[in-house]
Enquirer: 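Can you read through this structure? Questions will come right after.
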Amino acid sequence: MLDLKQNYFELFGLPVAFPIDGTDLASRYRELQRQVHPDRFAAGDERERRLAMQGAARVNEAYETLKDPMLRARYLLSLHGVEMDVTGEATHDIAFLTEQMDLREELEGARHSADPYGVTARLMEHIDRGIKALVARMTEQFQEVTPERLEQARENVRKMQFLKKLRYDVELLESELDEAV
Amino acid sequence: MALLQIAEPGQFAAPHQHKLAAGIDLGTTNSLVASVLSGMAVTLPDAAGRHLLPSVVRYAAEGVVVGDEAKLAAVEDPLNTVQSVKRLMGRGLADLKTLGSTLPYDIAYREVGEGREPGAVSLDGSGAVPRIRTRSGEVTPVEVSAEILKTLARRAEQSLGGELTGVVITVPAYFDDAQRQATKDAARLAGLNVFRLLNEPTAAAVAYGLDQRAEGVHAVYDLGGGTFDISILRLHRGVFEVMSTGGDSALGGDDFDRALAQWIMAQAGLGEDLDPVMQLRLTRLATGIKEQLSSVESAEIHLELPNGGRWQGSIDRETFNGLIDPLIAKTLAACRRALRDAGVTAEEIEDVVMVGGSTRVPRVRERVKELFRAEPRVDVDPDRVVAIGAAIQADVLAGNKPDEEMLLLDVISLSLGMETMGGLVERIVPRNTTIPVARAQEFTTFKDGQTALALHVVQGERDLVSDCRSLARFELRGIPPMVAGAARIRVTFEVDADGLLNVTALEETSGVKAGVVVKPSYGLSDSEVERMLRDSIAHAEDDMAARRLREEQVEAERVTEALRAALAQDGDQLLDAGERAGIEQALKHLVETAASQNHLSIKRAREALEKVCEPYVERRMNTSVRQAMAGHKLDEFES
């Protein structure tokens, strides 16, 4: 069974570091699930099945955290003793916030524009570029950790939260447009 | 040489070590049972060689009859013959009225609580389970389903020559917690050990994937008699990873029949108030015409009228297509959403596997082909593939294949959440999260001295509780009195590999605990549950406005409460009469505005109040600092 004291990186046999190879992570995930999944213990007793469920749930949670750059960064920060307030932290970078407001405005206008899918596609591209840039910066910040760098990484997580929320809303609009087809 | 006598593992597994297990496809129209025999999964026929068991149960004078015989007798004995019972599983009475069809049964209206079926007892007593009046007394959908399961299990035990150690029963991926629970209850009632509830499209993917040695991203489009599922899966060396799923648990071939029956009624000039026998005859006629139209371009219709006369007409495929197109469009919208949720485009799908009897309708295939821009795979037997997949899984779960590489990683199809202040939903497990999963969230008290917290568990995608399916209500009592916001109540949601939810709540500072295995409370009328996702998109804007309004109302209430408490405590010491009057007036204005429907004016009223209160707040802070420091030596503060 799983050692519950291991952190998510240890659980997956990976170094505690920000860069992760998604394909490698996925195959480690499948390997772990092969060992702990409740299907392996369906014919077992109550206790075995209970443990299998908890083990598999933990592996799922770990996988979801590690494969997403924002969740991974937040988790990494917590391992370094920086606990973020998931609901109540926002960036105060005025330039960034102004840009966000413009993007939001563009999204609001998309619904009634002549080519709504064109607008959402442009927004998606913009968001993905922004996230990539943040990931690149965080990769550096997590490389040799100092309190200042951790603070910078935390600021980048805050920004990434904005971008992810925007992406969620763009997707919501896209599915709304799909419904109308 | 002793060493030579040791056989390779698995080389001659003694037959008696093989544990008997079966996969059961409990369908709306037909059900099947399958098992692995000498390494091959096959569906098992009855003594007459029939594989499909019509999901029809007749409570006859001489006893319960299940299958073809029941189906044949339905026309003469409609009130004692139950069909398509799967549509009623996990539903409350209120749901039935919105399920569309006029049920040809005599439904008994009675409150739950008096019920004897454990799975259907609602915790808050707000719902009622449908009971069908038959000559053998009242029966619930769970009991009817149990009869079908018993028949199939008996068939399997006769063919396999022994008792089953366990079964895998398939359910639509889009079944909610109440529907899954009802299915499991039916199995328990039938005396079966359930290894697993398996999602139908996942079962189909297993059978298809292993057979074709398929790899990559696949879609399973599963349109049965009464349910629709779409699942997107990644297949990788025996691992079946569900990326997303979607559907409608009240949409299927039955609805095609109903649309056609209504068209015939209109053509033949029949009114809506048909007796059960006529209704059933008309539906059977429509089913036959639908099936004909799958192979021919037009069909003749001969109908005996209630008055003894005859009506004759015909319908061509194009007219029929026009009748069912709106229904197919609903399935395609679900497909597009599933693709988006999985983060893949239609082009990235290797194959679309067609499952369920209703995918025989040519128009369905046409439209699916248009969407995925590829010829759908129709080479699997759409009726049997789900049972075959379930049998393969049952064999593995029984422990017959210890070296088996196969692994199924499935997801939860509908988000799970809790009601929070103002009737809003706090999502705790979002849809398409891989199961099993455990998630915890902290809540707190809203009022000073609050000692109990009502917890309301809901399932669905909408922002407002009233638009989601209510699963259960329970209460955490015995919280020690504290100031508002000080209690830390940790609510944990656990979803097991069957997709079933278990909720516990714990007040962390005191250790007070409450838990519930979620049972349906049938909180709302249903087609809503099914429409939730579609609506959640259409209503995103409404929700946003409603959410803002609720948030402002809650905030206004919080400010009002806090201010009143403060005024009672030290308003007289810290404020002069003029100041006090100003605050009281702004407070009154906020209370009045909070009842309005305009979130902006509530916000303005709250801000105005906060502005008036600023000097007061400042004085209070100074006072409390002074009080805190009183009696302490200065050096205590310096260390």
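Proteins come first, then strands; the chains are lettered A, B, ... in the order of their sequence lines, and each starts at number 1.
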Enquirer: Anything in residues 60-68 of chain A with a heavy-atom distance to chain B below 4.5 Å? Please list those residues in order.
Expert: Asn60(A), Glu61(A), Tyr63(A), Glu64(A)

Enquirer: Would you say CD of Glu370(B) has more than 12 non-hydrogen atoms from neighbouring residues, nucleotides or ligands within 6.0 angstrom?
Expert: yes

Enquirer: With respect to chain A, which residue among Asp496(B), Thr434(B), Asn193(B), Val437(B) yields the maximal number of heavy-atom pairs within a distance under 4.5 Å?
Expert: Thr434(B)

Enquirer: How close do Ala56(A) and Pro436(B) get, heavy atom to heavy atom, and via which atoms?
Expert: CB-CG, 3.5 Å

Enquirer: Check each atom of Leu332(B) against the heavy atoms of chain A and say whether the ones under 4.5 Å are side chain, backbone, both or neither.
Expert: neither

Enquirer: For the atom pair CZ (Arg340(B)) and CD (Glu171(A)), what is the distance rounded to the nearest 0.5 Å?
Expert: 7.0 Å

Enquirer: Inspect the surroundings of CD in Glu140(A) and state if more than 12 heavy atoms from other residues, nucleotides or ligands are less than 6.0 Å away.
Expert: no

Enquirer: Please check if atom CD in Glu46(A) has more than 12 non-hydrogen atoms from other residues, nucleotides or ligands closer than 6.0 Å.
Expert: no

Enquirer: Within this structure, what is the CD-CD distance for the pair Gln54(A) and Glu494(B), rounded to the nearest 0.5 Å?
Expert: 6.5 Å

Enquirer: Sequence neighbours excluded, which residues qualify as side chain to side chain donor-acceptor pair (under 3.5 Å) partners of Gln141(A)?
Expert: Asn156(A)

Enquirer: Does the side chain of Leu407(B) come within less than 4.5 Å of Gln33(A)'s, by heavy atoms?
Expert: yes

Enquirer: Between Leu408(B), Asp341(B), Val495(B), which residue shows the highest count of heavy-atom pairs closer than 4.5 Å to chain A?
Expert: Leu408(B)

Enquirer: So for atom CD, which belongs to Glu144(A), do other residues, nucleotides or ligands contribute more than 12 heavy atoms lying within a distance under 6.0 Å?
Expert: no

Enquirer: Considering heavy atoms only, which positions within residues 233-241 of chain B lie below 4.5 Å of chain A?
Expert: His236(B), Arg237(B), Val239(B), Glu241(B)

Enquirer: Any side-chain heavy atom of Val396(B) sitting closer than 4.5 Å to one from Asp39(A)?
Expert: no

Enquirer: Output a table of donor-acceptor pairs, distance under 3.5 Å, between side-chain atoms of residues 124-131 of chain A and any protein atom two or more places apart or on a different chain; print 'none' if there are none.
Expert:
residue: His126(A); atom: NE2; partner: Glu99(A); partner atom: OE2; Å: 2.8
residue: Asp128(A); atom: OD1; partner: Arg167(A); partner atom: NH1; Å: 2.9

